[in-house]
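What follows is a short report on a single structure.
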Amino acid sequence: MLLPIAIPHALTYYVPEELVKEVRFGQRVEVPFGRNKLYSAVVVAVTNEKPDAVKIRPIISVIDTDPIITEKQAKLWEWIADYYVCTQGEVLQAALPANLKLTSETVLVLSPLFDEDFNDLTDKEFMITEALTIQNEISIDNIRKILDQKTVYPIVNGLIEKRIVYLKSEIKEKYKPKKIGCVRLAETYVKYPERLNEAFDLLSRSNRQIEALMAYIVLAKDQPYVQKTDVYKKASVDSTVLKAIEKKGIFELYEREISRLGTYEDDVQDMFTLDEQQTRALTELTELYKEKNTVLLHGVTGSGKTRVYIELIQAAIERGEQVLYLLPEVALTAQIISRLQKVFGDKIATYHHKLNDHERVEVWNAVRAGQEVVLGPRSAMFLPYQNLKWVIIDEEHDSSYKQNDPAPRYHGRDAAIYMAHLYGAKTLLGTATPALETYYNAKKGKYGLVRMPYRYGDIAMPEISIADVKREKEQRKLQSHFTTQLIDTMTETLARGEQIILFQNRRGYAPALRCQSCGWSQECNHCDVTLTYHKFKHNLQCHYCGFQAPLTKACPNCGDLDLRLQGFGTEKIEDELKIYLPDAKIARMDYDTVRSKNAHSKLIKDFEEKRIDILVGTQMVTKGLDFENVSLVGIISADQLLQFPDFRASERGFQLMTQVAGRAGRKKKQGTVLIQALNASHPVLREVIDNDYREFYNREIMERNSFKFPPFARLIKITLKHKKADVLNHGAKIFGEYLKNALGKRVQGPAVPHVGRIRNYYILDFQIKLEMNLNTVAAAKRVIRESIVKLSKEAGYTTVRVNVDVDPV
Ligand code: ADP
Ligand code: ZN
Ligand code: ZN
């Protein structure tokens with residue numbers, strides 16, 4: 001039995017006589033855990049063997065009649081827990097939609113749309129619903145008291161499925177039902193249909209009202225409910241007509257909650273014909289898949305990879321195979337989904353955290369029932385696929401595929417490759433800038449490799465040049481953070497009516513407020529980082545914990561009044577651009593501006609429809625976007641991108657710059673990219689300018705080899721946290737000894753990371769570097785697990801938190 005909590009193993013419960021016939025793999029059952037808590041747990045094995053454990057408790061009830069998970073899912077979850085050194089409970093927690101996880105503390109509320117129609121309810125459902133209308137919210141524990149019975153999960157589950165109750169967490173945070181306006185007959189006419197004649201008499205003076213009523217009657221014949229808009233269309237009337245009929249007591253206008261799924265209504269479109277390069281790529285792919293399970297599609301930005309995916313998906317659908325299409329981030333799904341929906345309509349479903357809990361269960365069930373294509377970020381791999389044969393991993397190089405917190409700290413790409421292996425599915429990795437590990441695997445022949453070196457439509461790759469910040473500084477041409485070269489090029493671009501993307505990797509206005517005489521800078525109260533100034537809110541904010549503080553006037557350290565903002569983020573870039581280019585319409589896309597639900601898609605739409613000339617943004621503007629009128633991309637500071645204190649700094653920098661450059665000149669003509677840099681001679685810049693991935697790869701892979709970094713070694717990062725620095729320090733010392741005793745020099749640390757305290761937790765890191773040898777790695781993971789258990793039993797250190805991150809990125 002798997003419980004959605006972080007306990008090390010699956011637990012065993014006994015099946016009472018009367019449930020023996022009912023309990024099967026994959027169902028949820030209700031089980032006791034701890035003193036008096038009840039959980040919904042998932043059955044992962046049914047056995048006749050009695051484990052040695054002292055006391056086995058019984059299952060209380062069976063929640064589902066059919067299994068909700070498949071054997072393959074359980075296997076994948078087990079692999080993830082094992083590989084990423086976490087518990088299966090943590091994986092289950094991440095994998096199951098909230099509505100499928102119930103605990104005694106789960107609080108239920110009534111659906112905001114429940115219209116007090118108690119007729120269809122059973123007695124017990126009625127009791128719960130009635131109690132909810134009085135009390136607003138009730139925990140499952142209390143429901144148990146109200147019904148005066150132990151077993152309530154199946155009933156609660158039924159109410160959730162009928163959408164009569166919701167989990168409270170959901171309502172509070174994200175539940176916004178999608179509603180449509182509907183019309184129905186008033187009750188008397190439903191009860192006594194013969195009175196409809198009188199209704200027509202009542203309307204006799206208005207032809208339009210009569211037509212609306214007739215339209216309604218026709219529509220209602222073969223629809224469970226009638227939408228207002230359908231009546232408008234059919235009878236050519238508007239809302240005033242329906243309201244008039246409502247006034248006469250014939251119609252009732254009401255709102256109805258509908259599913260967001262399966263509501264794609266635009267016509268599906270024909271696909272464009274493949275060009276020569278796409279045709280060749282497909283032929284090569286088909287050939288390669290005869291021998292390889294995984295193929296890398298290395299196609300430059302704008303080469304038309306999406307069209308190739310579409311072809312594969314189409315063929316898969318025809319064969320009745322399921323396809324999983326993974327993207328690194330939800331934000332990216334907006335543009336892609338509309339492109340894919342035009343081709344596949346309802347055959348494609350999306351799955352991500354922006355869906356509400358009901359919708360997630362709906363997708364879950366749809367996938368189990370054979371939904372053809374699923375598009376989503378990494379969590380989409382947790383769904384109950386039946387016949388998964390294709391996994392497409394778009395932008396495979398993207399580090400957002402990695403989950404950093406909480407556990408399971410899994411890499412979406414790598415776990416998906418394993419998953420494909422489980423299902424006997426083929427994997428396609430697509431990108432313009434492959435991860436070093438991926439390209440290495442392709443070169444070694446482990447993966448197939450297909451190249452698409454040209455842009456679709458014979459458009460040349462953008463022309464990239466460096467704007468030398470140092471030189472302009474010396475020549476006194478620099479205008480704040482902009483080179484004259486950049487300003488001039490922007491002015492020309494705008495004059496031609498074309499659009500611009502500017503990339504700056506920091507949000508906020510300025511990342512520090514510093515005293516000019518003693519060097520003091522304002523830090524977060526809870527984290528060891530400087531606070532970022534946000535002009536819009538006119539305060540300082542911590543980007544790690546959200547702490548906010550007002551600006552100080554005098555330095556608390558030395559009293560000096562000369563405090564200055566240092567550095568710059570997107571907000572400042574946007575602000576200053578308005579001075580240099582006063583006529584341009586400028587917008588900003590970063591975490592701060594896309595927080596509200598539709599802000600992101602609105603920005604994209606506004607930019608697409610040219611209501612914005614210049615889009616300034618963080619990483620968000622670098623990824624996957626496809627705008628036809630963008631002819632200039634500016635990178636404000638390449639130096640910041642190449643300075644990460646990490647062995648992946650060059651790789652990141654190359655990928656980011658190449659990707660953002662790829663947003664320029666995609667459709668009509670060659671684009672221009674300007675990279676501002678202080679250190680204009682950095683080798684990565686040359687490789688970006690030459691668009692030379694192979695040159696970059698060859699240089700970088702040699703460095704990785706000489707310093708034994710991935711792909712020539714495996715890394716595991718272990719992070720220890722505690723609120724008290726001395727407990728942490730001592731705990732880390734003890735923990736380090738456990739590790740070093742078994743693993744020797746492979747263990748480095750403990751070391752204070754880049755940010756040594758976050759949310760009042762002090763942090764120390766270990767890095768374990770392992771030879772590429774399965775046994776070594778497996779043994780090391782065992783040592784780590786054992787060390788964690790040991791430390792948790794060490795008096796005084798039981799509260800030290802230990803996080804394991806396998807293959808950190
Ligand atoms: P990539 O994903 O490789 O960066 P896209 O798939 O976004 O490239 O394609 C780049 C642009 O070229 C898109 O606007 C796309 O609509 C267009 N395109 C690609 N293939 C074709 C085709 N066969 N016919 C017409 N337009 C195409
Ligand atoms: Zn000072
Ligand atoms: Zn903070």
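Remember, it's 1-based here, ligands and their atoms both numbered in the order they're listed.
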### Query
Does a donor on one side chain sit under 3.5 Å from an acceptor on the other, for Glu396 and Thr438?
yes
### Message
Is a donor from one side chain sitting under 3.5 angstrom from an acceptor on the other, for Asp765 and Thr719?
### Response
yes
## Note on the structure
Short version for Arg666: what comes under 4.0 Å of ligand 1, heavy atoms counted, is side chain
### Query
Do the rings of Tyr439 and Tyr693 sit parallel, tilted or perpendicular, given the 30° and 60° boundaries?
perpendicular
### Query
More than 12 heavy atoms of other residues, nucleotides or ligands under 6.0 Å from NZ of Lys347: is that the case?
no
### Message
Check this for me: Glu463, atom CD, are more than 12 non-hydrogen atoms of other residues, nucleotides or ligands nearer than 6.0 Å?
### Response
no
### Query
Between atom CZ of Arg307 and atom CG of Leu312, what is the distance when rounded to the nearest 0.5 Å?
10.0 Å
State the atoms of ligand 1, each with its element, that fall below the 4.0 Å cut-off from a heavy-atom position in [X].
X: Val300; value: 3 (O)
X: Thr306; value: 2 (O), 5 (P), 6 (O), 7 (O)
X: Thr301; value: 4 (O)
X: Thr273; value: 22 (C), 23 (N), 24 (N)

Counting only pairs under 3.5 Å, give me each side-chain donor-acceptor contact of residues 539-549, with atom names and distances, residues two or more places apart or in other chains.
from, atom 1, to, atom 2, distance (Å)
Asn539, OD1, Gln541, NE2, 3.2
Asn539, ND2, Gln548, OE1, 2.8
His543, NE2, His534, NE2, 2.9

#### Entry: N or O pair under 3.5 Å between Gly304 and ligand 1
yes
### Query
Can you tell me if an N/O/S atom from His526 lies under 2.8 Å from the Zn ion (ligand 3)?
no
### Query
Do any of the N, O or S atoms of His543 sit under 2.8 Å from the Zn ion (ligand 3)?
no
### Task
May I ask whether Gly302 places a heavy atom under 4.0 Å from ligand 1?
yes
### Task
Just jot down the ring pair (Phe, Tyr, Trp, His ring centres under 6.0 Å) partners of Tyr309, sequence neighbours excluded, or say none.
Tyr325
#### Entry: Vertex the Zn ion (ligand 3), arms to Cys545 SG and Cys527 SG, rounded to 10°
110°
### Query
What angle, in degrees and rounded to 10°, do you get at the Zn ion (ligand 3) when you join it to SG of Cys524 and to SG of Cys542?
110°
### Message
Can you list everything that forms a salt bridge (charged side-chain N to carboxylate O under 4.0 Å, His left out) with Lys605? Sequence neighbours excluded, please.
### Response
Glu609
### Ion pair Lys402/Asp805, N-O distance below 4.0 Å
yes
### Query
Does Arg564 come within less than 4.0 Å of Asp562, counting only side-chain N to carboxylate O?
yes
#### Entry: Proximity winner for atom 7 (O) of ligand 1, if only heavy atoms of Glu311, Arg339, Gln278, Lys305 are counted
Arg339
### Query
Tell me, which protein N/O/S atoms are under 2.8 Å away from the Zn ion (ligand 2)?
Cys515 SG, Cys518 SG, Cys555 SG, Cys558 SG
### Query
So, Tyr456 side chain and Gln278 main chain: donor-acceptor pair closer than 3.5 Å or not?
no
